[in-house]
Chemist: 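Input: one structure, supplied below.
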Protein chains: 2
Amino acid sequence: MEENIRKLMGLLKPMKVNIRPHLKTTKSPILAQKLVDAGATGGCVAKLSEAEVMAEAGFDDLLITCEIVGPVKVRRLVELFRNHRKIQIVVDSEFGAVAVNKALSSSGIEQPIQVLIDLDVGLHRTGVAPESALALAQHISRLSYLKLIGIQGYEGHLQHVHGRETREAQCRASMAILTSTASILRKNGFDIQVVTTGGTGTAEFCATTPGITEVQPGSFIFMDSDYYNAVGGYFSQSLTVLSTVISKSGSEHRVTIDAGLKSLPTDSGFSEPKNMPGVTYTPMGDEHGWLSWDDGPDVPLGARVEMIPSHIDPTVNLHDCYYAHRKGVIEEIWPVATRGKVQ
Amino acid sequence: MEENIRKLMGLLKPMKVNIRPHLKTTKSPILAQKLVDAGATGGCVAKLSEAEVMAEAGFDDLLITCEIVGPVKVRRLVELFRNHRKIQIVVDSEFGAVAVNKALSSSGIEQPIQVLIDLDVGLHRTGVAPESALALAQHISRLSYLKLIGIQGYEGHLQHVHGRETREAQCRASMAILTSTASILRKNGFDIQVVTTGGTGTAEFCATTPGITEVQPGSFIFMDSDYYNAVGGYFSQSLTVLSTVISKSGSEHRVTIDAGLKSLPTDSGFSEPKNMPGVTYTPMGDEHGWLSWDDGPDVPLGARVEMIPSHIDPTVNLHDCYYAHRKGVIEEIWPVATRGKVQ
């Protein structure tokens, strides 16, 4: 893990961009601080409820990368902002901007909140269309409790594109949408200081695109087999889920481990046992999984097997804590503090 | 939810079996107690770590339905049993039985732990083969800190078989393996008091099979769309995940909600929005999902949408608490206390 952090900083720092790692991967203020100590500037979280926990733990230089919509969440945002003025948010609609502005206007807080326009650069998940960005900026400029500081455009659909050249070409095209929209806003008098984007699969391309000021990689710190298959082995698989062989019934070519759907998500394929070539994992319900092989090892009852996650973020979100080990000795235990914070 | 509990008890209590609901669904000692108040006798948990939390909360009439293997877990079992003597465990190997016996023999605890033989009745996940059950029973009888009280045989592969008649026929065949094995053990002098099995999809068939003493249904309390499609609407969908429409960018036939892979698991298909016919949910990463339609409603920004889980147990395991509401008013909040307890 430490090597992954060093590699990321070594790769991106010379490119003169802000590194604001996405903390939806680690869900840990302790790891957020380690990233800052290594050179990051603040962090990103996906949801308001993550920001609440991070800020409470003393880490509040945060960009919340999902839109905050609805009266309950807007009310919670105001209370968070009251004591944590560094919080940055994104908006992609007048509706969303007006609601936050109105709640702040009656809060007694005089300082405006820092806002980025969320731009759709091809993922089609959130974000205003490029042709509507200027109108949204003009609308925001009329809301006195919002201060427009930048623009976010996340190319999430490109993170796992196989083939470095293809991924780079598609990323450059997305970045052109983002930087040209930033230019239009600047030409119209808006002070766009922050242009933020990028994930583990694209950060180096984003960071070398003129006009991009900040990147948001997250998964690089632990990696997973899905990312590994797409972007290769520059970063190492630094997190595994430790399981135990609890049954050998039924077949000489199969054992049952105590890790199923509640330990290892399957949305991006099945996990793989570490250092067990020829051995395949199949989930067998919520609590169990099979390890099976044609010609393979004799895996004894009680053996402990490290499983490599297929998709790191939902995997971390299933577990209570990290056991940080070096040369086989556990040095620290870190809680997954924002686990379950999806609101 | 209360109606589901009443229906289950109304269905099974006249069949004169113990009802020991599986608490891997609810993960809540509060709900465990509600089930006992309604007529259940104790509960099941899948893992040792669940039992630890349940017992600590005062609910310790528990059968742990997964094998406990490996020195760390066996040590924790002994410490749990020290203060909670009702705990029952399963074994499917001499290896597992010997390890627990040895740890207990040096613990200073003189009372033996109650043990059930876990039998493979066709799921091939855990459980001793029927032809080896007698040898395992004989082995257990020589271990003075284990007291053999029964046999478990879970037909997990049949819970979701579509078609009531097919499911019943296959269940009866599995139950024949279980009850005939129990008979063989009894003929050989073993006092088999407990013959335990069954889930939401099969409990009524198990409960009417002569020789079955106990059933373990869990999902009936909340249901999910996968169970609903298999076993029909006798039980109601009593749990939904509340999401918010946070973006309307990109298409007139689509909105983005704030519920993705970290809120709604996909192992048994995608979730469905409640009371929105013609509207389809597609996960869009960890934190987002699309609702889309051909001809459909205008779903406004900020709208709150209830999502019906496709698979209830992993869904509950993703969330911090239940909001128990009646006629639109939240009456209680229950923590998902054994969330993440997969060890």
Side-chain angles (χ1 to χ4, degrees), chain A residues 24 46-47 65-73 92-93 95-96 99 118 120 123-129 156 244-251 254 256 258-263 265-267 283-288 290 300-302 304 311 313-314 317-320 336 339-343, chain B residues 24 46-47 65-73 92-93 95-96 99 118 120 123-129 156 244-251 254 256 258-263 265-267 283-288 290 300-302 304 311 313-314 317-320 336 339-343:
Chain A
K24 70 188 265 295
K47 300 290 178 73
T65 60
C66 291
E67 282 71 12
I68 295 166
V69 176
V72 177
K73 287 184 190 163
D92 74 353
S93 68
F95 177 91
D118 184 24
D120 184 359
L123 174 57
H124 305 320
R125 190 169 70 182
T126 63
V128 68
T244 302
V245 175
I246 63 163
S247 183
K248 291 194 72 165
S249 62
S251 165
R254 198 175 67 210
T256 298
D258 59 352
L261 298 170
K262 286 181 182 167
S263 304
T266 57
D267 60 84
M284 283 295 289
D286 301 331
E287 316 282 354
H288 303 84
W290 275 345
L301 262 177
R304 305 186 94 184
H311 187 180
D313 292 19
N317 189 49
L318 288 178
H319 296 275
D320 289 338
V336 182
R339 207 196 129 173
K341 301 305 176 201
V342 290
Q343 303 81 18
Chain B
K24 72 189 262 296
K47 300 289 178 74
T65 59
C66 290
E67 282 71 11
I68 296 166
V69 176
V72 176
K73 287 184 189 162
D92 74 354
S93 68
F95 177 90
D118 185 25
D120 183 0
L123 173 57
H124 305 321
R125 190 169 69 184
T126 62
V128 68
T244 302
V245 175
I246 64 163
S247 183
K248 291 193 74 167
S249 62
S251 165
R254 197 176 66 210
T256 298
D258 59 352
L261 298 169
K262 286 181 182 168
S263 304
T266 57
D267 59 86
M284 283 294 289
D286 301 331
E287 314 283 354
H288 303 84
W290 275 346
L301 261 178
R304 305 186 93 184
H311 188 182
D313 292 18
N317 189 49
L318 288 177
H319 296 276
D320 288 338
V336 182
R339 207 198 129 172
K341 300 305 176 199
V342 290
Q343 303 79 17

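Naming: A, B, ... by sequence-line order, numbering from 1 per chain. A quick note: this is a predicted structure, and the numbers were derived from the prediction, not measured.
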Chemist: Could you report the tightest heavy-atom contact between B:Asp267 and A:Thr266, atom names first, then the distance?
Modeler: CB-OG1, 3.7 Å
Chemist: Could you give the distance from CD1 (B:Ile68) to CG (A:Asp258), rounded to the nearest 0.5 Å?
Modeler: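 Here the rounded value is 10.5 Å.
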Chemist: Considering the options A:Thr126, A:Asp92, A:Asp118, A:Asp120, which one meets the side chain to side chain donor-acceptor pair (under 3.5 Å) requirement together with B:Ser247?
Modeler: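 Answer after filtering A:Thr126, A:Asp92, A:Asp118, A:Asp120: A:Asp92.
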Chemist: If you count heavy-atom pairs under 4.5 Å between each of A:Gly127, A:Gly70, A:Ser263 and chain B, which one has the most?
Modeler: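 Winner by heavy-atom pair count: A:Gly127.
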Chemist: Using a 4.5 angstrom heavy-atom cutoff, name the option from B:Gly302, B:Ser251, B:Gly340 with the most pairs to chain A.
Modeler: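 Greatest number of close heavy-atom pairs with chain A: B:Gly340.
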Chemist: What part of B:Arg339 lies closer than 4.5 angstrom to a heavy atom of chain A: side chain, backbone, both or neither?
Modeler: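 Both parts, heavy atoms under 4.5 Å.
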Chemist: Name the option with the most non-hydrogen atom pairs under 4.5 Å to chain B; the candidates are A:Lys248, A:Arg304, A:Arg254.
Modeler: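 Most heavy-atom pairs under 4.5 Å with chain B: A:Arg254.
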Chemist: Are side-chain heavy atoms of A:Lys47 and B:Lys262 found at a separation under 4.5 Å?
Modeler: no
Chemist: With a 4.5 Å cut-off on side-chain heavy atoms, are B:Gln343 and A:Thr244 touching?
Modeler: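 No, too far: nothing below the 4.5 Å cut-off.
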Chemist: Where do A:Ile246 and B:Glu67 come nearest, in terms of heavy atoms and distance?
Modeler: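 Reported closest heavy-atom pair: O-CB, 3.7 Å.
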Chemist: Could you tell me which of A:Val128, A:Val72, A:Asp286 has the largest number of non-hydrogen atom pairs under 4.5 Å with chain B?
Modeler: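 So the answer, after comparing A:Val128, A:Val72, A:Asp286, is A:Asp286.
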Chemist: With a 4.0 Å cut-off, would you call A:Lys341 and B:Asp320 a salt bridge?
Modeler: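 Looking at B:Asp320 together with A:Lys341, the answer is yes, because their closest N to O distance falls below 4.0 Å.
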Chemist: Counting heavy-atom pairs under 4.5 Å to chain B, which of A:Pro300, A:Cys66, A:Gly96 comes out on top?
Modeler: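 Of the options given, most contacts go to A:Cys66.
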Chemist: Between B:Val336 and chain A, with a heavy-atom cut-off of 4.5 Å, which part of the residue counts as in contact: side chain, backbone, both or neither?
Modeler: neither
Chemist: Is any side-chain heavy atom of A:Asp313 less than 4.5 Å from a side-chain heavy atom of B:Glu287?
Modeler: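 They are not in contact (no side-chain heavy atoms under 4.5 Å apart), so the answer is no.
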Chemist: Against chain A, label B:His319 side chain, backbone, both or neither, depending on which of its atoms sit under 4.5 Å from a heavy atom there.
Modeler: side chain
Chemist: Decide side-chain contact (heavy atoms from CB on, under 4.5 Å) for B:His288 and A:Leu123; before the verdict, give the C-alpha distance in whole Å, the side-chain angles of both, and the deciding distance to 0.1 Å.
Modeler: CA-CA 12 Å; B:His288 303 84; A:Leu123 174 57; over 6 Å; no
Chemist: Is any side-chain heavy atom of B:Ser93 closer than 4.5 Å to a side-chain heavy atom of A:Leu301?
Modeler: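 Yes, close enough: below the 4.5 Å cut-off.
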Chemist: Contact between A:Asn317 and B:Leu318 at the side-chain level, heavy atoms closer than 4.5 Å - yes or no?
Modeler: yes
Chemist: Is B:Lys73 close to chain A through its backbone or its side chain, or both, or neither, when contacts mean heavy atoms under 4.5 Å?
Modeler: side chain
